[in-house]
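Down below is the structure, laid out as structure tokens.
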There are 2 protein chains.
Amino acid sequence: MNETGHDIADALGLLLRRTTRAHLYSLLTEGLGEAVDELTYPVFSGLARTGPCSAADLGREVGLDRSTITRRADRLEHAGLLRREPDPADGRATLLALTDEGQGLVAATRRRLADHIEGSLASWPQEEARTFARLLRRFVDEGLLAAGEPEHPAAPGQGRRGAVDAGR
Amino acid sequence: MNETGHDIADALGLLLRRTTRAHLYSLLTEGLGEAVDELTYPVFSGLARTGPCSAADLGREVGLDRSTITRRADRLEHAGLLRREPDPADGRATLLALTDEGQGLVAATRRRLADHIEGSLASWPQEEARTFARLLRRFVDEGLLAAGEPEHPAAPGQGRRGAVDAGR
DNA sequence: AGATTAGCGTGCGCCGAACACGCTTCGTAC
DNA sequence: GTACGAAGCGTGTTCGGCGCACGCTAATCT
């Protein structure tokens, strides 16, 4: 009998619990000041991944509305971690970019998370840890998201809201 | 250089995105009626795991306030999926329990999720899938949650938002 | 140059979640 | 046996985040 599906489903259920997310984010953002918390960190981290980009693009990246991005960016900007600058190629666009301080902070935070994770599997054989990392990445990239998320198609332009608020 | 920590961190970041959770839950609860959605499903599923228990205990389990549990239980009760019964051992306590219909539905939902997951990694070699399931389970059980738990000393008086009180 | 389109910031309404109150019931002390 | 503190539940209230709609500016097409 193939039980892998159930095993993964159970683990995923635990992983997606609100408390797990809250724990992880509170661990990450502990002592980083009021500006960086569970809410702003995804913007923070996403911006570090994409590099300077517009609020709309960043919204696509992290799955949030432009207005939400704007609000969170306000907080980060006020804390000196994020900078708004006009797009030299497009006068109406505003680029969001991390300041040097912001980049340093996000790098330190990413390292903190990575260290925490490595510490949590310190007892694992090295090879199993690497295997796990590889399989998890593949699972996230190919498996789950591909099936559940349209992601890339820039065609619909506006309405990517599909299943999120379905049933309302 | 050991990059496993960063790899896992990145994958985890994607996994914990709101959209991922929303997509997964909407997929799960699609066509199950108005009572079961992203909001009520954690209560639903958690109750199936714990068996009949009080609202407070279930709140501890899923990391939500008692009042929230009560409201969601109302919806499930109204839909005939959940039953309230007085605790025979304690007159002031109210036990939440799934009805037969509720149990059947949660079982079907779990199977649906498992099938979806298995489908998403259909192209994987059988052995790798099983390995991944085993490692993921271990990672969730031993690694992450265990390390993130010692967050207890939270002052109730403070309006702290992420008052994470992971039972389990 | 005018019209259309794309993009951003902001006010507004909705909804979920925690907090505070009142009521009932259990346990214990006198 | 009675009275008092503690525990638990349900409900009203408040707070905050999020998406949507509006108005404006700038770029692109005809």
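Order of the sequence lines sets the chain letters (A, B, ...), proteins ahead of strands, with each chain counted from 1. Bear in mind that the values here come from a model prediction, so they are computed numbers and not experimental data.
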Closest non-hydrogen atom pair between B:Thr70 and B:Ala55, with its separation: OG1-CB, 4.4 Å

Rounded to the Å, how far apart are A:Glu38 CD and C:dA17 P? 12 Å

I need the CG-P distance between A:Leu58 and D:dC18, as an integer number of Å. 13 Å

Nucleotide of C:dA18, C:dG16, D:dT11 approaching B:Leu39 most closely (side-chain heavy atoms): C:dG16

Can you check the B:Asp57 CG to D:dA7 P distance for me, whole Å? 14 Å

According to the interplanar angle, ranging from 0 to 90°, do the rings of B:Phe132 and B:Trp124 count as parallel (below 30°), tilted (30 to 60°) or perpendicular (above 60°)? tilted

Nearest heavy-atom contact between B:Val106 and B:Ser45 is CG2-CA, 4.2 Å

So, under a plain 3.5 Å distance rule, would you say the side chain of B:Arg71 forms a donor-acceptor pair with the base of D:dG12? yes

Measure from CZ on B:Arg60 to C1' on D:dG8 and round the result to the nearest Å. 11 Å

For B:Asp90, what residues pass the salt bridge (charged side-chain N to carboxylate O under 4.0 Å, His left out) criterion, not counting sequence neighbours? B:Arg92

In degrees rounded to 10°, what angle is found between the helical axes fit to the five outermost pairs at each end of the helix from C:dA1-D:dT30 to C:dC30-D:dG1? 10°

I want to check something: taking the side chain as every heavy atom from C-beta on, are B:Glu128 and A:Arg134 in contact at a cut-off of under 4.5 Å? yes

Can you tell me if the side-chain N/O atoms of A:Thr68 get under 4.0 Å from OP1 or OP2 in D:dG19? yes

The single option from A:Glu85, A:Arg84, A:Arg72 that satisfies side-chain contact (heavy atoms from CB on, under 4.5 Å) with A:Leu96 is A:Arg84

In residues 73-82 of chain A, which ones come under 4.0 Å of DNA chain C, going by heavy atoms? none

Between the main-chain N or O of B:Leu81 and the side-chain N or O of B:Glu101, is there a donor-acceptor pair closer than 3.5 Å? no

Summary of ring pair (Phe, Tyr, Trp, His ring centres under 6.0 Å) pairs that have at least one residue in residues 69-89 of chain B, sequence neighbours excluded: none

Suppose the criterion is side-chain hydrogen bond (donor to acceptor under 3.5 Å, both in side chains): which pairs have a residue in residues 104-115 of chain B, not counting sequence neighbours? A:Asp10-B:Arg110

Length of the line joining B:Asp65:CG and C:dC21:P, which is rounded to integer Å: 15 Å

Here the pair of heavy atoms bringing A:Leu47 nearest to A:Cys53 is CD1-SG, 4.1 Å

Among residues 83-97 of chain A, which ones have heavy-atom contacts with DNA chain D below 4.0 Å? A:Asp90, A:Gly91, A:Arg92

Phosphate OP1/OP2 of D:dC18 contacted by A:Arg72 side-chain N/O (<4.0 Å): yes

Could you check whether B:Asp37 and B:Thr40, counting side-chain N and O atoms only, form a donor-acceptor pair closer than 3.5 Å? yes

Under-3.5 Å donor-acceptor pair between A:Ser67 side chain and D:dG19 base: yes

